[in-house]
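Chain naming here is simple, since letters A, B, ... match the order of the sequence lines and numbering starts at 1 in each.
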Protein chains: 2
Amino acid sequence: MTESDAKTGSERRRGSGVKMVYEVLRDEIIDLTLPPGSPIDEVQLAERFQMSRTPIREALVRLAGDGLIDTLPNRSTMVSTIDFLNLHTFFDALVLMYRVTTKLAAQYHRPEDLVTIRAYQAAFADAAKAGDALAMIATNAALHAAIAEAARNPYFLGLFNRLLDEGRRLLRLYYQSYGDRLPQQFVDEHEEIIAAIEARNADEADRLARLHAEQIVVQIQSIFTRTERLSMDV
Amino acid sequence: MTESDAKTGSERRRGSGVKMVYEVLRDEIIDLTLPPGSPIDEVQLAERFQMSRTPIREALVRLAGDGLIDTLPNRSTMVSTIDFLNLHTFFDALVLMYRVTTKLAAQYHRPEDLVTIRAYQAAFADAAKAGDALAMIATNAALHAAIAEAARNPYFLGLFNRLLDEGRRLLRLYYQSYGDRLPQQFVDEHEEIIAAIEARNADEADRLARLHAEQIVVQIQSIFTRTERLSMDV
DNA sequence: TGCATTTTATTTGTCGACAAGATTTCGACA
DNA sequence: TGTCGAAATCTTGTCGACAAATAAAATGCA
């Protein structure tokens with residue numbers, strides 16, 4: 001937060017400003033550098049990125065469209081809070097998107113998709129071996145996003161990416177508790193899923209994705225029940 | 001297009017400008033007043049709505065987020081085209097959202113939801129009886145959006161509303177062919193679905209929604225095969 | 001001291017203008 | 001007459017400034 005993002009000296013290309021601001025803020029929201037509820041000040045961001053408020057505002061409008069920030073008209077704007085009371089709706093959507101993207105990937109994937117997928121799976125396995133929970137969260141999301149890309153359905157992909165972003169925020173909140181015996185199980189489940197996709201076995205891919213997703217949901221829920229006495233005032 | 005939307009004389013409230021522009025353009029895109037591929041000119045819109053380009057641009061950014069317009073950086077922006085080559089991805093998503101929102105509505109609806117749902121069903125029945133295809137398209141979307149509201153899942157609701165909007169554009173393209181014997185069948189199917197929701201029979205609601213959705217998809221596809229020799233250059 | 005009201009200050013929404021990028025028009029030359 | 005390149009035009013992206021709406025502070029009054 002204290003360091004400057006200003007591109008001192010070098011001229012930016014026209015139109016790259018909003019994209020950069022959007023991506024930087026998006027990353028900071030997802031990795032909780034900007035925790036839920038953080039106030040978003042336009043002039044402060046304008047100073048930080050060394051540009052006028054106009055491109056800043058455009059980036060904020062896009063982030064609001066993604067549901068990552070909430071805007072109170074004429075009042076303040078802040079990073080979206082996490083609605084713990086309705087987490088089940090999130091889990092419902094997440095499980096279904098896990099299933100449908102995996103199933104469709106089994107049907108529509110192309111050979112080159114598997115290269116990308118396997119690369120993320122390897123990265124996930126490394127993170128699991130190293131016990132790096134933050135890397136596991138990021139690579140797990142990237143892996144499933146890659147599978148969703150192979151499913152070739154832009155509608156499901158859009159919703160799924162949004163859910164994966166929200167899931168990353170959720171897991172970061174409690175990543176301390178995320179290093180049990182389960183990582184190796186997740187690696188194995190990923191292997192099975194990828195094998196089913198490669199074999200173009202849609203039903204098996206669906207079945208495995210469902211088990212995997214429900215496994216993850218249970219894991220997240222157990223984290224919450226274990227830590228529910230801690231700070232829920234987010 | 002020729003008439004003016006300018007609120008001559010009356011002062012607009014601060015912040016209402018973007019909302020109004022967004023909603024007006026959204027409606028015009030959905031009902032094909034602005035057909036796919038139409039160029040969007042910011043200064044022209046600024047003149048039409050009697051405001052500066054800034055709020056116009058904000059509305060356009062939001063519309064782009066909804067996928068209703070496409071923006072070529074530093075170049076033109078236009079109403080999104082309809083991708084006929086990948087319609088199956090749209091149908092896949094539409095059927096699944098029909099199913100899941102109906103099923104969840106059976107589980108989570110409240111008594112007041114049924115009032116709204118039945119009101120739209122009555123409007124749909126009237127439109128079907130009158131043979132008003134345009135009204136049928138609009139009220140059918142409103143009915144299913146109301147069911148999705150009762151499902152109380154914001155993630156599914158967001159995707160579903162987007163799909164319903166796209167479906168309305170699709171049907172308007174060919175609404176001339178939409179007045180066969182099927183309307184009464186749709187009315188009956190709606191009745192069955194609503195009954196299943198009221199009975200909180202989730203499995204039956206899912207089954208009926210699936211049949212209903214696939215019925216509609218087949219109907220749309222048959223329209224396309226009948227008219228495929230006509231203008232596909234949209 | 002406590003509450004209501006006015007005043008100040010902060011932040012957002014809007015505006016008009018300018019500049020960069022891209023398209024089109026025009027003209028030179030083969 | 002056709003093609004390439006330069007000038008003009010048009011559209012978008014960005015800027016600094018102003019105004020409205022809200023929040024905070026200060027003042028008056030009981």
Side-chain angles (χ1 to χ4, degrees), chain A residues 1 4-26 29 34 37-66 68-81, chain B residues 1 4-26 29 34 37-66 68-81:
Chain A
M1 290 276 275
S4 170
D5 293 80
K7 295 281 184 185
T8 50
S10 69
E11 294 294 320
R12 261 184 305 277
R13 262 189 308 280
R14 186 184 171 84
S16 71
V18 287
K19 187 162 177 269
M20 177 213 183
V21 174
Y22 170 80
E23 289 171 352
V24 168
L25 289 182
R26 187 174 175 280
I29 292 172
L34 292 173
S38 301
I40 303 285
D41 185 7
E42 293 177 2
V43 302
Q44 190 175 319
L45 290 175
E47 290 178 14
R48 174 180 165 193
F49 290 101
Q50 294 281 64
M51 59 183 71
S52 124
R53 277 177 51 226
T54 307
I56 301 287
R57 276 178 68 86
E58 179 172 333
L60 293 183
V61 169
R62 289 172 56 181
L63 288 169
D66 294 341
L68 291 174
I69 65 176
D70 289 333
T71 298
L72 286 283
N74 271 322
R75 222 163 298 163
S76 65
T77 151
M78 61 184 201
V79 177
S80 298
T81 55
Chain B
M1 292 276 275
S4 171
D5 292 79
K7 295 279 182 185
T8 50
S10 71
E11 293 294 321
R12 261 184 303 277
R13 264 188 304 281
R14 185 183 169 84
S16 71
V18 287
K19 188 161 176 272
M20 177 214 182
V21 173
Y22 170 80
E23 288 171 354
V24 169
L25 290 182
R26 187 173 174 281
I29 292 172
L34 292 173
S38 300
I40 303 286
D41 185 7
E42 294 176 3
V43 301
Q44 191 176 317
L45 291 174
E47 289 178 15
R48 175 180 165 194
F49 290 102
Q50 295 280 62
M51 59 182 71
S52 125
R53 279 176 50 227
T54 308
I56 301 288
R57 277 177 68 85
E58 179 171 334
L60 294 183
V61 169
R62 288 172 57 181
L63 289 169
D66 294 340
L68 291 174
I69 65 176
D70 289 333
T71 298
L72 287 282
N74 269 323
R75 223 162 297 167
S76 66
T77 151
M78 61 183 200
V79 178
S80 299
T81 55

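- As judged by a 4.0 angstrom heavy-atom cut-off over every strand, Ser76(B) is placed among residues making no nucleic acid contact.
- Nucleotide dC15(C) holds its P atom 9 Å from the CD1 atom of Ile56(B), rounded to whole Å.
- Going from atom CD of Gln50(B) over to atom P of dG16(C) covers 10 Å, rounded to whole Å.
- Using a 4.0 Å heavy-atom cutoff across all strands shown, Ile40(B) reaches sugar-phosphate atoms only and no base atom.
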Please list, pair by pair, any protein nitrogen or oxygen found under 3.5 Å from a nitrogen or oxygen in nucleotides 20-23 of chain C.
residue: dA20(C); atom: O4'; partner: Arg14(A); partner atom: NH1; Å: 3.3
residue: dA20(C); atom: N3; partner: Arg14(A); partner atom: NH2; Å: 3.4
residue: dT23(C); atom: OP1; partner: Arg75(B); partner atom: NE; Å: 3.3

Extract all donor-acceptor atom pairs below 3.5 Å that involve side chains of residues 72-80 of chain A and protein atoms in other chains or at least two apart in sequence.
residue: Asn74(A); atom: OD1; partner: Arg14(B); partner atom: NE; Å: 3.0
residue: Ser80(A); atom: OG; partner: Gly67(A); partner atom: O; Å: 2.8
residue: Ser80(A); atom: OG; partner: Leu68(A); partner atom: O; Å: 3.0
residue: Ser80(A); atom: OG; partner: Ile69(A); partner atom: N; Å: 3.1
residue: Ser80(A); atom: OG; partner: Asp70(A); partner atom: OD1; Å: 3.4

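- Across the protein-nucleic acid pair, Glu58(B) atom CD and dG13(D) atom P stand 15 Å apart, rounded to whole Å.
- Contact check, Ser52(A) against dC15(D): a side-chain N or O comes under 4.0 Å of OP1 or OP2.
- What separates CG of Leu45(A) from C1' of dT10(C) is a distance of 16 Å, to the nearest Å.
- We find the CG-CD1 distance between Asp66(B) and Ile29(B) to be 9.0 Å, quoted to the nearest 0.5 Å.
- Rounded to an integer number of Å, the gap from CZ of Arg57(B) to P of dG16(C) is 16 Å.
- Taking every heavy atom of both residues into account, Val21(A) and Ala59(A) meet most closely at CG1-CB, 3.7 Å.
- Where Glu42(B) and Thr54(B) meet DNA chain D, the nucleotide closest to each residue was compared, and Glu42(B) sits on the side nearer the 5' end.
- Shown here are the side-chain hydrogen bond (donor to acceptor under 3.5 Å, both in side chains) partners of Arg53(B), two or more places apart in sequence or in another chain: Glu42(B).
- In this structure, Gln44(A) places its CD atom 14 Å from P of dT10(C), rounding to the nearest Å.
- The interatomic distance linking Met51(B) (CE) with dA19(D) (C1') rounds to 16 Å, in whole Å.
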